[in-house]
Amino acid sequence: MKRIHVVFHDGGGGHRNAAVALQTVISQQPRDWQIELIQFQDLTDRLDILRKLTGIRIQQQYNIMLQNGWTLGSTQLLRVLQATIRIFHRPLVNLLEKFWREKPANLLISVIPHFNRQICESWTKVYPGRPFVTIITDLADFPPQFWIAQVKDQYLIAGTEKAAAQARAMGHDDTHIFLTSGMILRPDFYVEDNSDRAALRREMKLREDLPTAIVLFGGHGSKVMYDITEKLDAARLPLQLILICGRNEELAEKIRARPWKLPVHIVGFTKEVHKLMRAADFLIGKPGPGSIAEAMVRKLPVLIECNAWTLPQERYNAEWVKEKGVGIVLKSFKEVVSGVRQMLEPARLAEFRKNVAAQDNRAIFEIPEILAKLLGEPTPAASSEPAPVPVSRSI
């Protein structure tokens, strides 16, 4: 049995989701692989300077920042974090080397940014020749030293041509870059769902006949969801909302405490987002790669914003949405009423739906084939899923 480690952390929900998605889909396949998920923060707590100063982990600080919308100036904060990582490069590499020696594996995967240079250097020193793979869970990199490290031994799995081109520009050759058809998502998003939309809405105590938006700002929610609901409620649009507050219980209680004119269904943390999306017509949310990718697979156009408060690694996502014609990008959710009015125009919504339907993201099924290739295993003669697309054939 071959052992594979997957390194993730809980800064935002997307990294854990990617790790769990990969573990889940591989467990459903006839492969002699043992997948172990490794929480990176647990590995590196002793070097977490922020925790020593404040008692709060880096990933917790990040989630607090997202919940409260404290993201203005995040580019500068990101560069400070990267400078700190460079200062602690050698202690971090030494710490990781010790761990890899104690936990051997045939292949190592990272689904986190910032630390891939340190992870790669420590891994290849302990196990030279064994592959180290970074699965980029953003639509594009935010160089330097974000996802793509300037180390020749890093293999990269990119979900867009933009990210693959960035890897090439950083000096990686085509043998180290694989292009998939999109972002990695949990396999349950691909389960065929023919449930009755009207019945689902009735279960949520929503109207069957009203256009429905699902409002999603990641696993930790955001206080901007309250402001969006307030603006849409005051506008008296023919609309109802499914509000997913995630682990932000304070936000959920605040929304529940107020009587609204428009119908609302409030949800806390859930693993049933894919089912809830079945009841919706479009998504309102931040320009996160995960929520956009989920919406595409569930055939929902998106209404997002992009401005100085948007996380720098997510700004390209707004360009992608406009380029693909799959939704509306606002300068601010202060304009959400105008954006929803545009989304509700029948001709425009039909065009968005047509463009969304043209997206065919099968990355979660393509990635295991890439890993098998790197492990030197033969590709099955027949497969129910499409084979991965090497960069050299498509870019």
For this session: Identify the heavy atoms of Val25 and Pro368 that sit nearest to each other, and give their distance.
Result: CG1-CG, 4.0 Å
Exercise. Looking only at atom types and distance, does a side-chain atom of His172 sit under 3.5 Å from a main-chain N or O of Ala149, one as donor and one as acceptor?
Worked result: yes
Exercise. If you look at every heavy atom in Thr310 and Pro287, which pair is closest and at what distance?
Worked result: CG2-CG, 3.7 Å
Exercise. Hey, mind stepping through Met343 and Ile328 against side-chain contact (heavy atoms from CB on, under 4.5 Å) and telling me if it holds?
Worked result: CA-CA 8 Å; Met343 187 67 79; Ile328 296 169; 4.2 Å; yes
Problem set entry | Main-chain N/O of Val326 paired with Asn355 side-chain donor or acceptor, under 3.5 Å | no
Problem set entry | Thr160 (side chain) donor-acceptor with Ala163 (main chain) under 3.5 angstrom | yes
Exercise. Should Met204 and Leu283 be regarded as members of a common hydrophobic cluster, given that ILVMFWY residues are connected when their side-chain heavy atoms come within less than 4.5 Å of each other, either directly or indirectly?
Worked result: yes
Problem set entry | Least distance between heavy atoms, Ala293 atom then Leu185 atom | O-CD1, 3.5 Å
Problem set entry | Val340 side chain near Ile284 side chain, heavy-atom distance below 4.5 Å | yes
Problem set entry | Test salt bridge (charged side-chain N to carboxylate O under 4.0 Å, His left out) applied to Arg315 and Glu319, step by step | CA-CA 7 Å; Arg315 291 172 190 170; Glu319 294 180 35; over 6 Å; no
Exercise. Quick one: does Arg186's side chain have a donor or acceptor within less than 3.5 Å of a partner on Ala18's backbone?
Worked result: no
Exercise. What pair of heavy atoms forms the shortest contact from Leu239 to Pro263, and how long is it?
Worked result: O-CD, 3.7 Å
Exercise. When hydrophobic residues are tied together by side-chain contacts of less than 4.5 Å, even through go-betweens, does Val151 share a cluster with Leu95?
Worked result: no
Problem set entry | Atom of Ala235, atom of Val337 and distance for their closest heavy-atom approach | CB-CG1, 3.7 Å
Problem set entry | Arg348 and Glu351: CA distance, side-chain angles, deciding distance, salt bridge (charged side-chain N to carboxylate O under 4.0 Å, His left out) verdict | CA-CA 5 Å; Arg348 196 157 193 200; Glu351 182 67 19; over 6 Å; no
Exercise. Between Leu330 and Ile304, is any pair of side-chain heavy atoms under 4.5 Å apart?
Worked result: no
Exercise. Can you check whether Asp174's main-chain N or O pairs, donor with acceptor, with Arg168's side chain at less than 3.5 Å?
Worked result: no
Problem set entry | CA sep, side-chain torsions, deciding dist, call: Ile367, Thr180, side-chain contact (heavy atoms from CB on, under 4.5 Å) | CA-CA 7 Å; Ile367 289 172; Thr180 60; 4.0 Å; yes
Problem set entry | CA sep, side-chain torsions, deciding dist, call: Arg201, Asp281, salt bridge (charged side-chain N to carboxylate O under 4.0 Å, His left out) | CA-CA 12 Å; Arg201 290 177 180 177; Asp281 296 293; 2.9 Å; yes
For this session: Name all residues meeting the side chain to side chain donor-acceptor pair (under 3.5 Å) criterion together with Glu36; count only those two or more places apart in sequence or in a different chain, and write none if there are none.
Result: Arg3, Lys103
For this session: Taking the side chain as every heavy atom from C-beta outward, state whether Lys254 and Glu250 have any pair of such atoms under 4.5 Å apart.
Result: no
Exercise. Are His15 and Phe8 close enough that their ring centres sit under 6.0 Å apart?
Worked result: no
Problem set entry | Pairwise salt bridge (Lys or Arg N to Asp or Glu O under 4.0 Å) hits with a residue in residues 202-217, at least two apart | Arg202-Glu208, Arg207-Asp209
Exercise. Minimum heavy-atom separation for Ser222 to Leu251, with atom names?
Worked result: O-CD2, 3.2 Å
Exercise. With side chains defined as the heavy atoms from C-beta onward, is the minimum distance between Ile4 and Asn106 less than 4.5 Å?
Worked result: no
Problem set entry | Co-membership, hydrophobic cluster, residues Val329 and Trp320, 4.5 Å side-chain | yes
Exercise. Without hydrogens or angle criteria, can the side chains of Trp33 and Glu377 be said to hold a donor-acceptor pair below 3.5 Å?
Worked result: yes
For this session: For the pair Arg362 and Tyr190, evaluate side chain to side chain donor-acceptor pair (under 3.5 Å) and give the outcome as yes or no after the intermediate values.
Result: CA-CA 9 Å; Arg362 308 293 291 176; Tyr190 295 88; 6.0 Å; no
Exercise. Any side-chain heavy atom of Pro113 within less than 4.5 Å of one from His9?
Worked result: yes
Seminar exercise, completed: Separation between CG (Leu92) and CZ (Arg86), nearest 0.5 Å, reads 13.5 Å
Problem set entry | CA sep, side-chain torsions, deciding dist, call: Thr270, Lys275, side-chain contact (heavy atoms from CB on, under 4.5 Å) | CA-CA 10 Å; Thr270 177; Lys275 293 182 180 178; over 6 Å; no
Between side-chain atoms of residues 118-141 and protein atoms elsewhere (two or more places apart, or another chain), which donor-acceptor pairs fall under 3.5 Å?
from   : atom 1 : to     : atom 2 : distance (Å)
Gln118 : NE2    : His89  : ND1    : 2.9
Glu121 : OE1    : His89  : NE2    : 3.0
Glu121 : OE2    : Arg117 : NE     : 3.2
Ser122 : OG     : Trp100 : NE1    : 2.8
Ser122 : OG     : Gln118 : O      : 2.9
Ser122 : OG     : Ile119 : O      : 2.9
Trp123 : NE1    : Arg130 : O      : 3.1
Trp123 : NE1    : Pro131 : O      : 3.4
Thr124 : OG1    : Cys120 : O      : 2.8
Thr124 : OG1    : Glu121 : O      : 3.4
Tyr127 : OH     : Trp100 : O      : 2.7
Arg130 : NH1    : Ala105 : O      : 2.7
Thr134 : OG1    : Asn116 : OD1    : 3.1
Thr134 : OG1    : Gln154 : NE2    : 2.8
Asp138 : OD2    : Trp147 : NE1    : 2.8
Asp141 : OD1    : Trp147 : N      : 2.8

Exercise. What residues, two or more places apart in sequence or in another chain, satisfy side chain to side chain contact (heavy atoms under 4.5 Å, CB included) together with Val20?
Worked result: Arg16, Thr24, Leu37
Exercise. Any link between Val273 and Leu200 through a network of hydrophobic side chains (Ile, Leu, Val, Met, Phe, Trp, Tyr) touching at under 4.5 Å?
Worked result: no
Exercise. Does the ring of Phe333 carry Lys231 above it, NZ/CZ under 6.0 angstrom from centre and within 45° of its axis?
Worked result: no
Problem set entry | Sidechain N-carboxylate O distance under 4.0 Å for Glu369, Arg31 | yes
Exercise. Which salt bridge (Lys or Arg N to Asp or Glu O under 4.0 Å) pairs, counting each pair once, include a residue from residues 320-344, with sequence neighbours left out?
Worked result: none
Problem set entry | Pairs touching residues 296-305 that satisfy salt bridge (Lys or Arg N to Asp or Glu O under 4.0 Å), sequence neighbours left out | Asp193-Arg298
Exercise. Should Val215 and Thr229 count as side-chain neighbours, where that means a heavy-atom distance under 4.5 Å?
Worked result: no
Exercise. In terms of hydrophobic clusters joined by side-chain contacts under 4.5 Å, are Val336 and Leu349 together?
Worked result: yes
For this session: Would you confirm whether Thr212, through its side chain, and Leu210, through its main-chain N or O, come within 3.5 Å as a donor-acceptor pair?
Result: yes
Exercise. Does some side-chain heavy atom of Leu262 sit less than 4.5 Å from a side-chain heavy atom of Val264?
Worked result: yes
Problem set entry | Leu371 and Leu22: CA distance, side-chain angles, deciding distance, side-chain contact (heavy atoms from CB on, under 4.5 Å) verdict | CA-CA 11 Å; Leu371 303 180; Leu22 190 60; 4.3 Å; yes
Exercise. Looking at side-chain heavy atoms only, is the closest gap between Cys245 and Ile255 below 4.5 Å?
Worked result: yes
For this session: Count the heavy atoms of every other residue, nucleotide or ligand shown that sit under 6.0 Å from NZ of Lys2, and state whether that count exceeds 12.
Result: yes
Problem set entry | Under 3.5 Å: donor-acceptor pair, side chain of Glu345, backbone of Ala347 | no
